[in-house]
Amino acid sequence: MTLAANPPIEIPLEGLTPKQKWQVIEFLCEDLSSNHATEIEPPAWHADVLREREEREARGESVWRDVDEAFAAIRRRVS
């Protein structure tokens, strides 16, 4: 994958392991949230999605889970 920059930045995503790819995602998310949060505006639809999720939770139709807990539940269902 090549990112448009001057000069272009080459990131060999195809050669990374899944674990390394998650590390890249985690790094980018952390960097964006801690260093660039004020520069990024959420897409317009995001507020609607969050509001709907909060309404479903208030009605008892959904429950928030820790990410590790959610992945464990998915793994149990597919294995």
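Fair warning: this is a prediction, and the values are worked out from it, not measured in the lab.
- Within 6.0 Å of CD on Glu41 lie no more than 12 heavy atoms contributed by other residues, nucleotides or ligands.
- Residues satisfying the side-chain contact (heavy atoms from CB on, under 4.5 Å) test with Pro43, not counting sequence neighbours, are Trp45, His46.
- In this structure, CD on Gln20 lies 15.0 Å from CZ on Phe27, to the nearest 0.5 angstrom.
- Leu13 and Lys21 get closest at one heavy-atom pair: O-CE, 2.9 Å.
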Pairs under 3.5 angstrom only: tabulate donor-acceptor contacts from the side chains of residues 70-79 to other protein residues two or more places apart or in another chain.
from: Ser79; atom 1: OG; to: Arg75; atom 2: O; distance (Å): 2.8

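- Hydrophobic clustering, with ILVMFWY side chains joined whenever heavy atoms are under 4.5 angstrom apart, keeps Ile25 apart from Leu32.
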- Assess whether side-chain contact (heavy atoms from CB on, under 4.5 Å) is satisfied between Glu30 and Glu26, documenting all intermediate values. CA-CA 6 Å; Glu30 177 61 31; Glu26 289 171 345; over 6 Å; no

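- One hydrophobic cluster, built from ILVMFWY side chains closer than 4.5 Å, holds both Val24 and Ile11.
- At a threshold of 4.0 Å, the pair Glu57-Arg51 does not count as salt-bridged, since none of the basic side-chain nitrogens sits closer than that to a carboxylate oxygen.
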